[in-house]
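The next block holds one structure in the form of structure tokens; read it before the comments.
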Amino acid sequence: MFSSGHLLCHLLLIGSIQASIVVLSSNDTYLDRSALFGPTLTNDLYGHLMASSQYGCEPQAPPTTDWIALVERGHCSFADKVRAMQQSQAKAVIIGDPDFNHWLTMVATGDTSDIKIASFFVAQYQFRALQLHTLNQPVLIQLTPNDENRWSFTDLMIVIVLSPSMMMMMLFFGLKCRTYQRRQKERAPCQLVSSLPSRPYRHEKLGHQEDDDECAICLEAYHEDDWIRTLPCRHEFHVNCVDTWLTTRKKFCPICKYNICRPINEQTPLLPC
Ligand SMILES: [Zn+2]
Ligand SMILES: [Zn+2]
């Protein structure tokens with residue numbers, strides 16, 4: 001992905017930075033950030049930290065056996081430094097910023113498959129402290145795999161696994177919500193429905209036609225003392241039948257489609273059930 005040519009350095013603040021350099025004699029721990037080129041450290045790596053000469057831009061004789069190069073940023077690209085230190089038989093490279101106290105994520109363009117050693121970036125504070133440790137003699141350090149990478153991988157997996165499900169859940173609930181709102185709009189408020197006139201059915205009082213003697217919703221004939229509700233359009237139904245119809249299905253009269261919400265005084269909005 002990041003390959004050949006010259007090296008770019010990039011100010012990327014990705015995630016948290018984890019401790020990964022331990023000076024074994026003092027147990028001092030410093031933070032670093034792995035480069036995005038070269039191998040990724042998978043196990044602890046031990047070596048003698050020594051400062052390189054000349055910004056690490058040129059190969060040099062190894063100052064000690066089993067050494068890890070401490071290199072100052074500048075004068076050549078990160079990849080050039082790592083290649084030069086690789087030729088100098090360094091096991092790994094720590095590149096430090098002499099001027100700024102921030103972490104860079106070191107990247108390189110072009111083919112970097114020739115880079116076989118891991119490299120890390122440290123900010124000014126860590127760089128100065130490591131320089132002090134190596135002033136007089138090599139110092140044994142332990143490089144631990146960068147937790148940032150492990151977390152990045154874990155984060156990536158979480159994102160890959162959870163994102164589609166989260167999106168689906170959000171879409172599902174969004175659609176449910178819209179459907180619910182649409183249905184609520186189509187229904188009549190309970191308060192309004194219960195305010196409509198109702199009365200017990202009296203067979204002898206009816207001078208209507210036969211059709212009026214049965215509820216058009218349940219198609220049952222009215223019996224004496226059945227509670228009947230009269231809608232504004234004068235159509236009548238069982239109270240239970242029409243209340244259920246209006247509050248859970250449609251706010252329209254099942255026979256003539258009269259909108260029973262039409263006469264609502266808009267100054268006093270009614271709560272849907
Ligand atoms: Zn009925
Ligand atoms: Zn009607």
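Start at 1 and go down the list; that is how both ligands and their atoms are numbered. Computed from a prediction, not measured in an experiment: that's the story for all the values here.
Judged by distance alone, the side chains of R128 and Q131 do bring a donor and an acceptor atom under 3.5 Å apart.
Judged by distance alone, the side chain of E72 and the main-chain N or O of P98 form no donor-acceptor pair under 3.5 Å.
Residues V23 and L140 do not share a hydrophobic cluster, clusters being chains of Ile/Leu/Val/Met/Phe/Trp/Tyr side chains in contact below 4.5 Å.
Centred on the Zn ion (ligand 2), the SG atom of C256 and the SG atom of C253 lie at an angle of 110°, reported to 10°. Angle subtended at the Zn ion (ligand 1) by C218 SG and C241 SG: 110°, rounded to 10 degrees.
Residue H235 approaches the Zn ion (ligand 2) most closely through its N/O/S atom ND1. Per residue H238, closest N, O or S atom to the Zn ion (ligand 1): atom name ND1.
For K250, the NZ atom counts as loosely surrounded, since its 6.0 Å shell holds 12 or fewer non-hydrogen atoms of other residues, nucleotides or ligands.
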